[in-house]
Amino acid sequence: MNETILRALEQYYDAVPRRGGARGEDFGALTLFVQEGNGWQYYARPSLGGPDATAADVRKVLERQRELEVPEAFEWVAENSPSLRAAVEAAGLHVHAHPLMVLDTGAEPLAPHPEVRALGAGDPLLAQAVTVAGLAFREPGTALGQAGPAELAQALADPSTEERRARVSGMLADGRTGMAAAVRDGVVLCSGQYNPVREVAEIVGVGTLPAARRQGLALGVTAALVAQALEGGVTTVFLSAGDEDVARIYARAGFRRVGTALIAEPPAA
């Protein structure tokens, strides 16, 4: 069962950047996805059906990423490409490991959260929703933090907010993503997205304002995203948890671990 799921995820990881407007540059063992216009900057990853990558292969891709001035990032599934970690570490990159989880097909759906709803392309709260995740990931983890509604209001004044809102709005309009948010008194406290490609969807960017944590909002948003994806015809829903503590929360929503997602980046200065 897990092997079948991991093969499906490998196809997904190769397809989603192309659907998002990126071109694939072929480096033999690796493929570098380069965003053609404004939008999410993608990663390099193992080529479908390609040979095992060496440290020399990784260095060639790194040179190209630097030339293009795009993030020096590699993403892959440990179980699908077990030798790549040694190659990227030999090239000087630091590797982060994250639990890779898939929704159990027999899982009992969670009851809808009363403060969580879907957001559409023209929703007036969309700018808040795309901003919340950034504030959440600046204070990672599940503990209560500092950033709350006041910090959200300040972040909304950033000129880049409208660009991000417009990009997500376009994705919502053409079905490349779905979004849900927990809203209280007109303020988005938690938001997240799912990105479908045919029958597979990844839940991404679920984040709660740090000052609003420990209220079950992320679980409610995740449950809403799962429901949307399944209603849209998706049969496999997966995600990468930030750490083991976050993975335990997702387990309550019916997700089980099937592997490990790895991300390689330059070491912090």
Side-chain angles (χ1 to χ4, degrees), residues 16 19-21 37-41 109-196 201-232 234 237 239-242 246 249-250 252-253:
V16 76
R19 193 180 186 205
N38 293 329
W40 183 259
Q41 295 296 325
L110 293 178
H113 192 290
E115 295 179 302
V116 174
R117 65 176 178 84
L119 300 184
D123 198 294
L125 294 180
L126 189 56
Q128 288 192 45
V130 300
T131 304
V132 161
L135 293 172
F137 297 133
R138 286 177 200 164
E139 297 183 50
T142 60
L144 283 170
Q146 296 298 315
E151 287 74 14
L152 173 59
Q154 183 177 7
L156 285 169
D158 190 295
S160 66
T161 299
E162 174 53 26
E163 180 183 328
R164 287 184 283 112
R165 186 210 62 80
R167 182 169 66 247
V168 174
S169 178
M171 293 174 66
L172 287 164
D174 65 19
R176 282 180 290 149
T177 196
M179 196 165 204
V183 182
R184 185 179 300 158
D185 298 327
V187 177
V188 174
L189 299 180
C190 178
S191 65
Q193 295 172 242
Y194 75 93
N195 298 329
E202 181 180 18
I203 291 179
V204 298
V206 177
T208 304
L209 278 179
R213 287 173 178 160
R214 302 291 181 93
Q215 300 180 47
L217 301 179
L219 204 58
V221 166
T222 300
L225 294 170
V226 166
Q228 287 182 46
L230 296 178
E231 288 169 6
V234 165
V237 183
L239 54 81
S240 297
V246 176
I249 294 173
Y250 286 128
R252 291 162 52 195

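Only heavy atoms go into these numbers, but all of them, side chains included; no hydrogens, no water, no symmetry mates. Every value quoted in this text rests on a predicted model; they were computed, and no experiment measured them.
- The shortest heavy-atom contact between C190 and V206 is SG-CG1, 4.4 Å.
- A heavy-atom distance below 4.5 Å is not found between the side chains of V221 and H113.
- Rounding to the nearest 0.5 Å places CG of L219 at 6.0 Å from OG1 of T222.
- Listed by chain and number, the residues in a salt bridge (charged side-chain N to carboxylate O under 4.0 Å, His left out) with R252 amount to none (sequence neighbours excluded).
- Here the side chains of V132 and T208 are not in contact, with every heavy-atom distance at 4.5 Å or above.
- Looking at R213, its side chain does come within 3.5 Å of a backbone N or O of A143 through a donor-acceptor pair.
- The heavy-atom pair separating A155 from T161 by the smallest distance is O-OG1, 3.2 Å.
- By the 4.5 Å heavy-atom criterion applied to side chains, V183 and L189 are not counted as neighbours.
- Using a 4.0 Å cut-off between a side-chain N of Lys or Arg and a carboxylate O of Asp or Glu, R19 and D174 do not qualify as a salt bridge.
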Audit row: R164, T131, side-chain contact (heavy atoms from CB on, under 4.5 Å) steps and yes/no: CA-CA 8 Å; R164 287 184 283 112; T131 304; 3.9 Å; yes

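- Rounding to the nearest 0.5 Å places OH of Y250 at 7.5 Å from CD1 of I203.
- The minimum heavy-atom distance between V188 and A181, with the atom names listed, is CG1-CB, 4.0 Å.
- When all heavy atoms of V237 and A229 are compared, the closest pair comes out as CG2-CB, 4.2 Å.
- A donor-acceptor distance shorter than 3.5 angstrom exists from the side chain of S169 to the backbone of A121, with no hydrogens or angles considered.
- Side chains of R184 and V187 form no contact here, defined as non-hydrogen atoms less than 4.5 Å apart.
- With contacts defined as side-chain heavy-atom distances shorter than 4.5 Å, the pair Y194/E202 does not qualify.
- A donor-acceptor pair under 3.5 Å links the side-chain atoms of E151 to the main chain of G148, judged by distance alone.
- With hydrogens and angles ignored, the 3.5 Å screen pairs no side-chain donor or acceptor of R176 with any backbone N or O of N195.
- Applying the side chain to side chain donor-acceptor pair (under 3.5 Å) criterion to Q193, with sequence neighbours excluded, gives T177.
- At distances below 3.5 Å, not a single donor-acceptor pair connects side-chain atoms of Q228 with backbone N or O atoms of A118.
- Summarising the geometry of L225 relative to A180, their closest heavy-atom pair is CD2-N, 3.6 Å, with the distance given to 0.1 Å.
- Using modelled atom types, one finds no donor on one side chain facing an acceptor on the other under 3.5 Å when comparing Q128 with R165.
- The closest side-chain heavy-atom distance from V116 to L217 is not below 4.5 Å.
- With a 4.5 Å cut-off on side-chain heavy atoms, L119 and R117 count as touching.
- Within a 6.0 Å sphere centred on CD of Q146, other residues, nucleotides and ligands contribute 12 heavy atoms or fewer.
- Closest approach of P196 to A201, counting heavy atoms only: CA-CB, 3.8 Å.
- In this structure, M179 and L126 have side chains that are in contact, with non-hydrogen atoms separated by less than 4.5 Å.
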